[in-house]
Amino acid sequence: METEFIPIDYDYFDFESRNYIRIFGRDKIGRRICVIDDFEPYFWAILKDKITGKKTKEVIDYVKSISFENKGRETKVERVEEKSKFFLGKKVKALKIFGTNYKDLHDIADRLGISEIEKRRGYDLGLITSYIIDKKIYPMRWYKISGDVLNNSSDFGGIDNIIGTEFVIKLTKKEEIKNETKFSPKVLAYDLETDSLKPEKGEILMISLFSNNFKKVISWKKKQTSKKYVEFVKNERELLEKFSEEVKKFSPDFLVGYNSDNFDLPFLKTRAKILRVPLPLGVDSSEPKISRGISMRAKISGITHVDLLKFIKTTYSQYMQSESLSLNEVSKEFLKDSKKDFEIAHSSKVKDWDLYFEYNLHDSDLTFQLFEKFWPDIIEFSRIIKEPIFEISRNGLSKQIESYILHNLEEFDEIPEKKPGVNEIEERRKRAPVEGAFVYEPKPGLYENLVMFDFTSMHTSIIISHNISKGTLTDSKTNSIKSPEVNVGGKKRIFYFSKNPGFFPVLLKEIFEKRKKFKEDYKNNPNPITKARSNAFKILSASAHGYVGFFGARYYSWEASSTILAFVRKYNIETIKKIEEAGHRVIYGDTDSVAFTRENKSKKEIRELLKKLNEELPGVMHIELEDFFKRGLWVKTRSGETGAKKKYAMIDEDEKIKIRGFETVRRDWCELSRITQNQIIKLILKEGNEKRALEYLIKIVEKLKTRKIQKKEIMIKSQIKKPLESYKSITPHVIAARKMQEKGIPVEILSPLRYYIAETNTKSKLVRDRVKLEGDPGEYDLNYYLEKQIIPSAENIFQVFGINIKEILDGKKQESLKKWF
DNA sequence: GGATACCCTTTACC
DNA sequence: ACGGGTAAAGGGTATCC
């Protein structure tokens, strides 16, 4: 049989001790196909330098003789090839050792502790990754495949009889169809409503399913509704059965939930176990498998289970405005839609079941829409990184970049480095932290006519331009690049990096250039696909330095990471100096940026200065003009006399305001302070003086004092970041969380908290003794909101103009107050 | 018993 | 344990006199 095929999900099975890969995907007319392929697992043994040809033959003969039984499998070295390769950029002689079963490679490697073998590598990539690297059948790309259809065959123990796809094909040939990218997957979103967050303590009340032209809520507790999409079953057991049935009938490529790795799927599985009912969600009717690492991952055979929260969190949260990653906030930002208003209650207390059904369905609806929204990003990531969507939708940034490297080592003939073991990780973590970037201490004030320069992808361009990596680090002072001085345990040290291009900087250069190209593509042809591609390379490019300094990375290097940062500091400080020498006053700079006054220079002259600065930079390093600004505001720190770093506000020539670090942008300040400060900053930047801002402040204070401020505006928002019991310091937000628990509202890590500081008759001076939850009756503590919220957020701004707002508000300085009215 | 330095905690910037 | 260091800031806690 011959057909087109797009691989979506990969797994494997063993048959007669060998590994076989199952790839699930579709053909052009939407039929589900399972492709079975064989796989010859291998790893590398790197030989010591001076091993002679004769000795090599002896080693090969020894390696070939390895054969043993492992976990009931007959396993052995199948064959050995001698190859010339590179390891960390150094030329090496290596043996490519093929074993019977991937899972035994490590044990084979353990038997190779002989003096002629220097290192053993490549047995820890993961079976699927290894397979994809070897056979080059990449996820989410189209192939023309041919193979034999298994039909009621006894091959592989009759595997085709249990796989519920239209065809099961044993692969014989494949060829990529270039430039063919169009693919519309079948996507089903789902969401549970339960009586408890713990499956041992509460039943599943209903499950909603949502897709294109498909909506359904299955429920059992209440059996009357006006909603047509609700289907009732007898009890919770039938609910679970019905859910499996519906998923099977729909046959999705992607089953999508929100926080479903942690909640929905584990909950379903546990309830099924408690009720002793099967949950055959897999295409082979297998149960979902929950793996427990740092965080849980829920896998379903043949269907890619996507937990959208994880993808958004790891890959996109840093570029988002949402104040939390809740489905509600994220939907507001990306869909301009939000969850249905419904107060979740225990099923015994629910009054409006119709609304509950609607709420449940709408959650699936939002999840589905979000998946559609992020689909271009998800598929581009998978294509670029060459890992299945199950992986890329869950992996952190360091894993993404590492996968990209592993899939591209072949072009350099590089043998992969191994993952660090627990001891190695422990040692890396014990090392002194790498000294970070430089932040310029601003001189507080309101400035006119500003310019901001910044380095484009600074860390990445430094790695590329100076060939910095674990592999290029060398002892040799000739033909090498010198690092700036690095502080190592109080001593100044210099590191050297070879000038011979290393695979890591070269690969990064490819990413960097693709980033530039796709950014251009997006500008010229803006659409979700070009945007996603541009974004994916942006994210990969931006994560490179973090990867080098991450203790869990295969290509971690303290020396490389320290050198990158030393260069970051050096270039930033040098640029500041050069700008000052050109006659400008530098106001501020953080890591890769410099803000300075334009003085009497024209825009043209500024562009010429930029050009000159760029000519003096090496390699791909580049400074760009971020913008011209009409005005900018910098303030002092609350305590002390120094200028506050990471806090400033600027207005550009289109009146667009950029605010960084101020309380306005901090979620843990109440709305009243945030809005008030925001207005004050806006008025000052627009007017160029503080007059109207002060009038505004006085009005707000008056409103506060006469208790005309709405309750909503004084809520303080925060989050619990670790288990509630583990807090050493009992702060107001911990008290708020405890109060929520007392009310029976579950508090988990990252649970949003909303509380206010109330007037109470307690003698205690502690703020925490005045904490009340959002719904609790009470009056706000006027003094607290004045002294601890409004005044602090405004006073150092007015200080810039020599105004002490405390004195004005206290009425002590009637004279200066008169000046304003 | 009050002032203060320090620690814990969250959130932001790049 | 799952990208990092730098920084501001509030509130609690320990420590001093």
Side-chain angles (χ1 to χ4, degrees), chain A residues 293-295 297 310 313-315 317-319 323-324 394-402 419-422 424-426 428-429 432-442 454-455 457-460 539-540 542-553 556 558 561-562 564-565 568-569 572 588-593 626 635-640 642-648 658-669 673 716-722 726-735 737 750 753 757 764-771 784 787-789 792-793 796:
Chain A
I294 281 299
S295 69
R297 301 172 144 216
K310 273 198 178 148
K313 184 155 71 185
T314 55
T315 315
S317 57
Q318 62 184 115
Y319 303 100
E323 300 218 334
S324 81
R394 289 171 173 76
N395 290 341
L397 291 176
S398 77
K399 192 79 206 296
Q400 310 279 37
I401 195 126
E402 188 156 281
K419 274 194 251 179
V422 276
E424 175 71 20
I425 288 183
E426 206 182 318
R428 290 176 180 185
R429 287 167 64 84
V434 167
E435 191 185 339
F438 167 75
V439 187
Y440 186 95
E441 190 192 307
D454 56 27
F455 283 86
S457 307
M458 192 183 203
H459 302 73
T460 305
I539 287 165
L540 279 181
S543 316
H545 168 251
Y547 174 78
V548 174
F550 167 51
F551 52 77
Y556 164 89
W558 191 91
S561 181
S562 304
I564 296 161
L565 256 325
V568 167
R569 293 190 294 271
N572 190 261
Y588 183 59
D590 185 349
T591 311
D592 58 357
S593 67
E626 149 139 6
V635 298
K636 278 184 192 167
T637 56
R638 200 90 80 222
S639 56
T642 57
K645 297 170 174 180
K646 297 181 189 290
K647 267 181 126 171
Y648 61 90
K658 173 177 174 171
I659 299 181
R660 292 291 121 97
F662 273 108
E663 285 72 11
T664 298
V665 298
R666 293 185 58 96
R667 291 171 290 178
D668 51 354
W669 282 71
S673 326
I716 296 167
K717 287 173 263 180
S718 189
Q719 283 181 335
I720 287 297
K721 293 275 188 186
K722 54 184 184 179
S726 63
Y727 280 90
K728 285 184 193 160
S729 177
I730 308 307
T731 54
H733 90 291
V734 173
I735 296 298
L750 298 187
L753 309 168
I757 307 306
S764 163
K765 276 183 180 166
L766 296 176
V767 177
R768 66 172 178 219
D769 293 326
R770 283 172 287 154
V771 166
Y784 176 85
E787 299 288 337
K788 297 293 177 183
Q789 291 277 336
S793 70
N796 45 13

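Letters A, B, ... mirror the listed sequences (proteins, then strands); counts begin at 1. All heavy atoms count here, side chains included; hydrogens, waters and symmetry mates do not.
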Check this one for me: any side-chain N or O of Lys647(A) less than 4.0 Å away from OP1 or OP2 of dA8(C)?
no
Write down the distance between CZ (Arg429(A)) and C1' (dG3(C)), rounded to a whole number of angstrom.
13 Å
dG4(C) OP1/OP2 closer than 4.0 Å to side-chain N/O of His545(A):
no
Below the 4.0 Å mark, does dT11(B) have OP1 or OP2 next to a side-chain nitrogen or oxygen of Lys721(A)?
yes
Is the shortest side-chain N/O distance from Arg768(A) to OP1 or OP2 of dT13(C) below 4.0 Å?
yes
Does OP1 or OP2 of dT9(B) have a side-chain N or O of Lys722(A) closer than 4.0 Å?
yes
Looking only at side-chain N and O atoms, does Lys646(A) come under 4.0 Å of OP1 or OP2 in dC13(B)?
no
If pairing requires Watson-Crick or G-U wobble contacts with both distances under 3.5 Å, which nucleotide is the partner of dG3(C)?
none
Quick one: do His545(A) and Ser561(A) satisfy side chain to side chain donor-acceptor pair (under 3.5 Å)? Show the steps, please.
CA-CA 7 Å; His545(A) 168 251; Ser561(A) 181; 3.3 Å; yes
Of dC14(B), dG11(C), dA9(C), the nucleotide closest to the side chain of Asn796(A) is dA9(C)
Quick check on dC2(C): is either OP1 or OP2 less than 4.0 Å from any side-chain nitrogen or oxygen of Thr314(A)?
no
Determine whether any donor atom in the side chain of Arg666(A) lies under 3.5 Å from an acceptor atom in the base of dT10(B), or the reverse, and answer yes or no.
yes
side-chain N/O Tyr648(A) vs dA8(C) OP1/OP2, d < 4.0 Å:
no
Assess whether a salt bridge exists between Asp590(A) and Lys646(A), defined as any Lys/Arg side-chain N lying under 4.0 Å from an Asp/Glu carboxylate O.
yes
Considering only heavy atoms from C-beta outward, does the side chain of Asn796(A) approach that of Arg638(A) to under 4.5 Å?
yes
Give me the distance, rounded to whole Å, that separates dA1(C) from dT11(B) when you measure between the C1' atoms they each carry.
22 Å
N/O (side chain, Tyr440(A)) to phosphate O (OP1/OP2, dT6(C)) under 4.0 Å:
no
Has Tyr727(A) got a side-chain N or O lying under 4.0 Å from the OP1 or OP2 atom of dT10(B)?
yes
Identify whether the distance between the nearest side-chain nitrogen and carboxylate oxygen of Glu424(A) and Lys419(A) falls below 4.0 Å.
no
